[in-house]
Amino acid sequence: MINFKCSSCGGEMTVSSTGDLVCSYCGSKSVFTDKDLSDYKNFRYRMLAYLSAISDRSDPEETDMIWKNAEQEQFILADGRRLSINYLFKGKQDDVTIYTARRNVIFVFPKGDIYSAGRFQESTGRLDYPSADIKGLSEFFPLFSGSFEIAGGRTMLSVSKGEELYPLSAFGSLPPEHTAWIISRLENLCCVLAYSDIAHNGIDIESVFINARTHQAYLLGGWWNSSQAEGGSQNDLIMLRAAAKRLTGLNYERSPEQFKRFITEPPAKNAFDDFALWDKVIEDGFKGRKFRKLDLLSNLNI
């Protein structure tokens with residue numbers, strides 16, 4: 001697994017037609033060696049081909065194939081045991097390192113930062129759902145699968161995930177019609193936060209994970225920034241827009257005008273009213289809800 005992160009904004013970089021590394025989010029450029037270029041292009045093509053394929057169908061053989069490219073990192077736990085993690089993506093949000101393993105997302109907190117790990121667990125435990133919830137919204141929030149103390153004072157938390165679930169940062173910039181369904185899902189999750197009187201304060205491309213085949217989004221990271229806020233927080237709606245702008249990246253200029261206004265103008269006062277505003281963008285800007293297969297290779301330069 002090979003990742004190249006933009007030094008300007010932290011987004012994943014892709015390869016331009018001239019062989020340069022170009023950030024899909026801010027447009028910054030960089031150069032690298034011929035070997036790095038060859039390795040990166042080969043892995044990136046296979047990864048995007050896989051993500052595009054699973055957006056159309058679930059294929060266990062393709063999943064097994066891509067996980068042969070996983071890297072491994074070992075940890076020594078406080079009790080002396082060894083713990084190995086096989087992962088495809090390694091990211092960072094704030095000072096927390098995030099590993100995307102096959103069936104888990106692993107968060108490693110810096111030395112001595114027990115407070116952030118505790119807030120993560122405490123805040124997700126306060127999530128509340130309407131009694132009439134028929135969508136099973138709880139599955140789109142963290143379900144803890146393990147907690148470990150690492151030798152040297154770091155803390156590790158693990159949450160469960162499906163095999164087809166990957167961080168937004170893995171996809172590079174997306175066409176507006178695909179950013180749109182991600183916004184729809186996040187608007188829904190922000191309503192849950194508002195209902196629970198929680199401000200998440202950490203929505204970005206590292207904390208949000210998506211299943212490209214089922215068009216579902218999960219808010220798994222960033223919970224160490226959360227706080228109690230009656231009726232939720234406008235800050236989450238602002239961060240949602242910033243994440244959408246970054247995710248649309250170089251595709252922003254060809255987005256519908258209603259979409260561009262939505263992600264650049266201030267949000268409504270609460271998540272429920274904001275959802276209503278977004279519904280109007282879907283109808284007027286995208287002519288209603290239409291399921292479109294995600295083809296990540298169509299805009300790839302390698």
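Since the structure is predicted, the reported quantities are computational estimates derived from the model, not experimental observations.
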Answer whether the closest heavy-atom distance between the side chains of [X] and [Y] falls below 4.5 Å.
X: Lys90; Y: Ile98; answer: no
X: Arg119; Y: Trp223; answer: no
X: Ser173; Y: Leu247; answer: no
X: Ile183; Y: Thr179; answer: yes
X: Ile238; Y: Pro267; answer: yes
X: Ile205; Y: Pro167; answer: no
X: Pro256; Y: Phe286; answer: yes
X: Leu240; Y: Glu187; answer: yes

Polar side-chain atom of [X] near backbone of [Y] as donor-acceptor pair, under 3.5 Å:
X: Ser233; Y: Asn235; answer: yes
X: Asp236; Y: Ala199; answer: no
X: His200; Y: Leu219; answer: no
X: Asn86; Y: Ala70; answer: no
X: Ser145; Y: Ser158; answer: yes
X: Glu73; Y: Ser84; answer: no
X: Asp197; Y: Gln228; answer: no
X: Asn211; Y: Arg213; answer: yes
X: Thr124; Y: Gln121; answer: yes

Indicate the atoms forming the closest heavy-atom contact of [X] with [Y], along with that distance.
X: Leu220; Y: Phe120; value: O-CZ, 3.3 Å
X: Ile150; Y: Phe75; value: CD1-CD2, 3.8 Å
X: Ile203; Y: Cys190; value: CD1-SG, 3.9 Å
X: Ser207; Y: Gln93; value: CB-OE1, 3.4 Å
X: Ser255; Y: Lys260; value: O-CE, 3.5 Å

Exercise for the section: Indicate yes or no: does Glu206 engage Lys92 in a salt bridge with an N to O separation below 4.0 Å. Expected result: no
Handout entry: Carboxylate-amine/guanidinium proximity below 4.0 Å for Arg241 and Glu265
Key = no
Exercise for the section: Please lay out, stage by stage, how Cys191 and Phe275 fare under the test side-chain contact (heavy atoms from CB on, under 4.5 Å). Expected result: CA-CA 8 Å; Cys191 288; Phe275 207 154; 3.7 Å; yes
Problem - Test side-chain hydrogen bond (donor to acceptor under 3.5 Å, both in side chains) applied to Thr248 and Asn251, step by step - result: CA-CA 5 Å; Thr248 309; Asn251 295 305; over 6 Å; no
Practice task
Measure from the ring center of Tyr129 to the ring center of Tyr195 and say whether it is less than 6.0 Å.
Solution key: no
Problem - Cation-pi check, Lys245 onto Tyr252 ring (under 6.0 Å, within 45° of axis) - result: yes
Distance from [X] atom [atom1] to [Y] atom [atom2], nearest 0.5 Å?
X: Leu168; Y: Leu174; atom1: CG; atom2: CG; answer: 7.5 Å
X: Asp273; Y: Leu237; atom1: CG; atom2: CG; answer: 10.0 Å
X: Tyr99; Y: Gln72; atom1: OH; atom2: CD; answer: 11.5 Å
X: Asp274; Y: Asp279; atom1: CG; atom2: CG; answer: 10.5 Å
X: Leu143; Y: Lys161; atom1: CG; atom2: NZ; answer: 14.0 Å
X: Ile282; Y: Leu277; atom1: CD1; atom2: CG; answer: 12.5 Å

Under the salt bridge (Lys or Arg N to Asp or Glu O under 4.0 Å) test, residues paired with [X] that sit two or more places apart:
X: Lys280; value: Asp284
X: Arg185; value: none
X: Glu149; value: none

Handout entry: Intermediate values then yes/no, side-chain contact (heavy atoms from CB on, under 4.5 Å), Leu83 and Gln74
Key = CA-CA 6 Å; Leu83 178 65; Gln74 290 195 346; over 6 Å; no
Problem - Over 12 foreign heavy atoms within 6.0 Å of CD, Glu230 - result: no
Handout entry: CZ (Phe144) with more than 12 external heavy atoms under 6.0 Å
Key = yes
Exercise for the section: Quick one: sort the Phe262 and Trp278 rings into parallel, tilted or perpendicular, breaks at 30° and 60°. Expected result: tilted
Exercise for the section: Kindly assign one of parallel, tilted or perpendicular to the pair Phe109 and Phe107, based on the angle between their ring planes and the thresholds 30° and 60°. Expected result: tilted
Problem - Side-chain H-bond candidate by donor/acceptor type, Asp94 with Trp224, under 3.5 Å - result: yes
Handout entry: Between Ser226 and Asn201, a side-chain donor and acceptor under 3.5 Å
Key = no
Practice task
Show the numbers, then the answer: is there a ring pair (Phe, Tyr, Trp, His ring centres under 6.0 Å) between Phe140 and Tyr218?
Solution key: CA-CA 4 Å; Phe140 303 114; Tyr218 299 69; 4.9 Å; yes
Handout entry: Trace of the side-chain contact (heavy atoms from CB on, under 4.5 Å) decision for Ile210 with Trp181
Key = CA-CA 10 Å; Ile210 64 169; Trp181 65 255; 3.9 Å; yes
Exercise for the section: Determine, stepwise, if the pair Ser196 / Leu193 fulfils side-chain contact (heavy atoms from CB on, under 4.5 Å). Expected result: CA-CA 5 Å; Ser196 304; Leu193 294 172; 5.8 Å; no
